[in-house]
Undergrad: 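Submitted below is the structure of interest, expressed as structure tokens.
Index from 1, following the sequence. Counting convention: from 1, in listed order, for ligands and their atoms alike. Predicted model only: the values in this text are computed from it and were never measured.
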Amino acid sequence: MKVLVTGGCGYIGSHTVVDLLNDGYEVIIVDNLSNSKIEVLDKIKKITGKSVTFYQYDLCDKEKLESVFAKEKIDAVIHFAGLKAVGESVQKPLMYYENNLFSTINLLEMMQKYKVYKIVFSSSATVYGSPKSLPIKEDFPLSTTNPYGTTKLMIENILTDLYKADNSFDITILRYFNPIGAHKSGLLGEDPNGIPNNLMPYIVKVATGDLPILSIFGDDYDTEDGTGVRDYIHVCDLSYGHVLALKNPQNGLKIYNLGTGKGTSVLELVTMFEKVNNVKVNRQIAKRREGDIASCYASNEKAHKELGFTCKYTLEDMCKDSYNYVKKNTNL
Ligand code: NAD
Ligand code: UDP
């Protein structure tokens with residue numbers, strides 16, 4: 001089976017490509033490398049012993065995208081490509097709407113034209129806005145607070161309308177909670193440009209001395225220790241969820257949360273990181289970050305029941321693997 005992986009050089013995409021190759025799938029990657037590096041392809045080969053077909057194309061370029069569909073006999077698509085920085089999306093909304101929506105519409109048009117009906121789409125827990133209760137279930141009301149989140153919700157709506165109009169499509173929407181960690185080889189991981197927005201990349205940079213101090217955004221939330229609670233999931237558990245979604249024999253439009261089902265506070269994560277890596281993370285309490293919610297964690301029962309999704313990795317693994325990746329790639 002030949003799978004087109006858009007954004008396959010990125011953080012989650014590259015880990016998923018490894019799983020696909022290990023499971024015997026043929027993989028074609030389309031990625032414009034706007035947020036990833038070409039060396040990822042060699043690293044994937046080093047891990048799996050297998051090669052992928054790669055096109056450095058922008059999905060917004062419909063002609064180039066069509067040339068891929070015309071040349072390759074694609075059976076299914078996993079659609080990771082997109083811009084993902086919440087803060088940047090607030091500053092540059094048009095760039096986010098243009099990139100994330102045009103690329104997806106082009107992709108879906110090509111899929112329909114070339115009769116490729118199976119797609120797995122990367123959505124996000126951000127579409128739940130501020131949840132009324134926890135854990136979050138897939139049928140909870142949806143709302144967004146920033147342009148990035150709105151692109152995810154708009155794409156979910158586009159996919160829903162497309163399925164209504166043409167139910168040859170077989171669509172799986174995966175709503176990710178907070179992916180962290182890295183491949184245990186230390187070859188693949190998260191490598192954000194500039195100052196990170198997300199907690200784990202920031203912790204790692206403080207631990208390595210690249211940044212002086214972690215600001216903990218608020219210690220007065222209604223949570224056990226007052227700091228924000230999230231559902232951190234190892235990227236390798238998350239990536240395997242995509243393989244399970246491809247294998248799911250049930251056709252239709254399906255939506256699943258991919259999370260561990262367990263909430264962890266900022267303080268708990270920092271403390272665990274220090275303990276397992278035997279390193280100090282300087283920190284200070286700062287004011288709340290605008291737009292943040294107190295707590296967010298998934299019910300993953302539906303994914304467990306229908307896809308056989310389970311999480312193998314612990315919070316310790318996530319902390320170890322995140323640090324290992326950065327140490328290996330900065331020669332510490
Ligand atoms: P990433 O930035 O590492 O990977 C995305 C890849 O898509 C990059 O390699 C980038 O070069 C490519 N890309 C972007 N626009 C493109 C375009 N127009 N044409 C071709 N390639 C393009 O991000 P990631 O963390 O791997 O996330 C993958 C997907 O999962 C994204 O859609 C993201 O919104 C979603 N998601 C991520 C998280 C997270 O915390 N990482 C959480 C929820 C959802
Ligand atoms: N956070 C923090 N300091 C940082 C970055 C994040 O205290 O430098 C907190 C943030 O307030 C939230 C949690 O860590 O409670 C996870 O934030 P992240 O941006 O990683 O994920 P998201 O908020 O998008 O779920």
Side-chain angles (χ1 to χ4, degrees), residues 5-16 29-38 40 55-61 64-65 78-87 89 95-96 98-104 106-107 121-128 145-146 148-149 151-152 155 174-180 188-193 195-203 205-206 211 213-219 221 223 226-233 235 238-239 242 258-259 263-270 283-297:
V5 181
T6 75
C9 294
Y11 174 47
I12 306 169
S14 58
H15 288 83
T16 305
I29 294 178
V30 174
D31 197 307
N32 63 2
L33 302 180
S34 60
N35 196 36
S36 51
K37 299 196 176 86
I38 189 91
V40 163
Y55 296 92
Q56 188 180 342
Y57 291 164
D58 194 312
L59 293 176
C60 296
D61 185 334
K64 289 213 170 110
L65 183 61
I78 307 183
H79 182 34
F80 292 104
L83 298 174
K84 64 164 183 176
V86 171
S89 80
M95 187 169 106
Y96 271 68
E98 179 174 346
N99 188 72
N100 292 2
L101 297 180
F102 288 4
S103 58
T104 305
N106 285 346
L107 179 68
F121 171 63
S122 304
S123 189
S124 165
T126 190
V127 299
Y128 292 114
T145 53
N146 57 71
Y148 163 70
T151 67
K152 291 293 171 196
I155 295 170
L174 298 178
R175 295 181 181 147
Y176 311 155
F177 280 67
N178 291 56
I180 57 172
L188 301 174
E190 193 175 15
D191 206 358
N193 295 325
I195 297 180
N197 291 301
N198 295 114
L199 180 60
M200 181 55 95
Y202 208 107
I203 291 176
K205 279 198 188 282
V206 174
L211 288 170
I213 193 159
L214 169 74
S215 290
I216 295 181
F217 298 143
D219 67 348
Y221 283 108
T223 62
T227 66
V229 166
R230 297 290 183 274
D231 185 341
Y232 298 97
I233 174 169
V235 65
L238 183 74
S239 62
H242 296 76
L258 292 186
T264 302
S265 75
V266 176
L267 269 177
E268 280 173 319
L269 188 69
V270 177
R283 54 192 182 261
Q284 64 191 2
I285 304 298
K287 64 178 180 24
R288 292 181 180 193
R289 181 171 67 179
E290 211 179 308
D292 268 358
I293 54 175
S295 295
C296 170
Y297 53 90

Undergrad: Can you list everything that forms a salt bridge (Lys or Arg N to Asp or Glu O under 4.0 Å) with Glu268? Sequence neighbours excluded, please.
TA: none

Undergrad: Report yes if the side chains of Leu269 and Ile180 come closer than 4.5 Å at any heavy-atom pair, otherwise no.
TA: yes

Undergrad: Which atoms of ligand 2 are found less than 4.0 Å from any heavy atom of Asn178?
TA: 21 (O), 22 (P), 25 (O)

Undergrad: Would you say the ring centers of Phe80 and His15 fall short of 6.0 Å from each other?
TA: no

Undergrad: Regarding atom 4 (C) of ligand 2: of the candidates Tyr202, Tyr221, Phe217, which has the closest heavy atom?
TA: Phe217

Undergrad: Could a heavy atom of Tyr232 be found less than 4.0 Å from some atom of ligand 2?
TA: yes

Undergrad: Under 4.0 Å from a heavy atom of Asn197: give me the atoms of ligand 2 that qualify, with their elements.
TA: 5 (C), 19 (O)

Undergrad: In the protein, what heavy atom is nearest to atom 11 (O) of ligand 2, and what distance, to one decimal place, separates them?
TA: Asp292 OD2, 2.5 Å

Undergrad: Could you tell me whether the side chain of Arg283 reaches within less than 4.5 Å of the side chain of Leu267, counting heavy atoms only?
TA: yes

Undergrad: Quick check: does Leu199 get an N/O under 3.5 Å from an N/O on ligand 2?
TA: yes

Undergrad: Please report the shortest heavy-atom distance between Leu59 and Ser103, naming the atom on each side.
TA: CB-CB, 3.5 Å

Undergrad: Between atom CG of Asn178 and atom OG of Ser124, what is the distance when rounded to the nearest 0.5 Å?
TA: 8.0 Å

Undergrad: For ligand 2, note which part of Val266 has a heavy atom under 4.0 Å away: side chain, backbone, both or neither.
TA: side chain

Undergrad: For ligand 2, which atoms, with element, lie under 4.0 Å from some heavy atom of Ile216?
TA: 7 (O)

Undergrad: Please report the shortest heavy-atom distance between Ile203 and Leu214, naming the atom on each side.
TA: CG1-CD2, 4.1 Å

Undergrad: For ligand 2, is any non-hydrogen atom under 4.0 Å from Leu214's backbone (N, CA, C, O), its side chain (CB onward), both, or neither?
TA: side chain

Undergrad: So do the side chains of Ile12 and His242 get within less than 4.5 Å of each other, counting heavy atoms only?
TA: yes

Undergrad: Out of Arg289, Met200, Arg288, who is nearest to atom 17 (O) of ligand 2 when you count heavy atoms only?
TA: Arg289

Undergrad: Give every pair made of an N or O atom of ligand 1 and a protein N or O atom lying under 3.5 Å apart, one pair per line with both atom names and the distance to 0.1 Å, or write 'none'.
TA:
residue, atom, partner, partner atom, Å
ligand 1, 2 (O), Asn35, ND2, 2.7
ligand 1, 3 (O), Tyr11, N, 2.8
ligand 1, 9 (O), Gly10, N, 3.4
ligand 1, 9 (O), Asp31, OD1, 3.2
ligand 1, 9 (O), Asp31, OD2, 2.6
ligand 1, 9 (O), Ser36, OG, 2.7
ligand 1, 11 (O), Asp31, OD1, 2.7
ligand 1, 11 (O), Asn32, OD1, 3.4
ligand 1, 11 (O), Ser34, N, 3.0
ligand 1, 11 (O), Ser34, OG, 3.3
ligand 1, 11 (O), Asn35, N, 2.9
ligand 1, 11 (O), Ser36, OG, 3.4
ligand 1, 13 (N), Asn32, OD1, 3.4
ligand 1, 15 (N), Asn99, ND2, 3.2
ligand 1, 18 (N), Asp58, OD1, 2.9
ligand 1, 18 (N), Asn99, OD1, 2.8
ligand 1, 19 (N), Leu59, N, 3.0
ligand 1, 21 (N), Asn32, N, 3.1
ligand 1, 21 (N), Asn32, OD1, 3.2
ligand 1, 25 (O), Lys84, NZ, 2.8
ligand 1, 26 (O), Tyr11, N, 3.2
ligand 1, 26 (O), Ile12, N, 2.8
ligand 1, 32 (O), Phe80, O, 2.8
ligand 1, 32 (O), Lys152, NZ, 2.8
ligand 1, 34 (O), Tyr148, OH, 2.7
ligand 1, 34 (O), Lys152, NZ, 3.1

Undergrad: To the nearest 0.5 Å, tell me how far Asp231 CG sits from Ile233 CD1.
TA: 7.0 Å

Undergrad: Write down the atom of Ala81, the atom of Thr6, and the distance for their closest heavy-atom approach.
TA: N-OG1, 3.1 Å

Undergrad: Scan Asn99, Asn100, Leu83 and name whichever one has a side chain to side chain contact (heavy atoms under 4.5 Å, CB included) with Thr151.
TA: Asn100

Undergrad: Check Ile155 against Thr104 and note the closest heavy-atom contact, atom names and distance.
TA: CD1-OG1, 3.4 Å

Undergrad: Students should be able to answer this: which protein heavy-atom is nearest to atom 18 (P) of ligand 2, and at what distance?
TA: Asn198 ND2, 3.5 Å

Undergrad: Considering heavy atoms of the protein only, find what lies nearest to atom 12 (C) of ligand 2 and give residue, atom and distance to 0.1 Å.
TA: Arg230 NH2, 3.6 Å

Undergrad: Does ligand 2 have a heavy atom under 4.0 Å from the side chain of Ser215, from its backbone, from both, or from neither?
TA: backbone

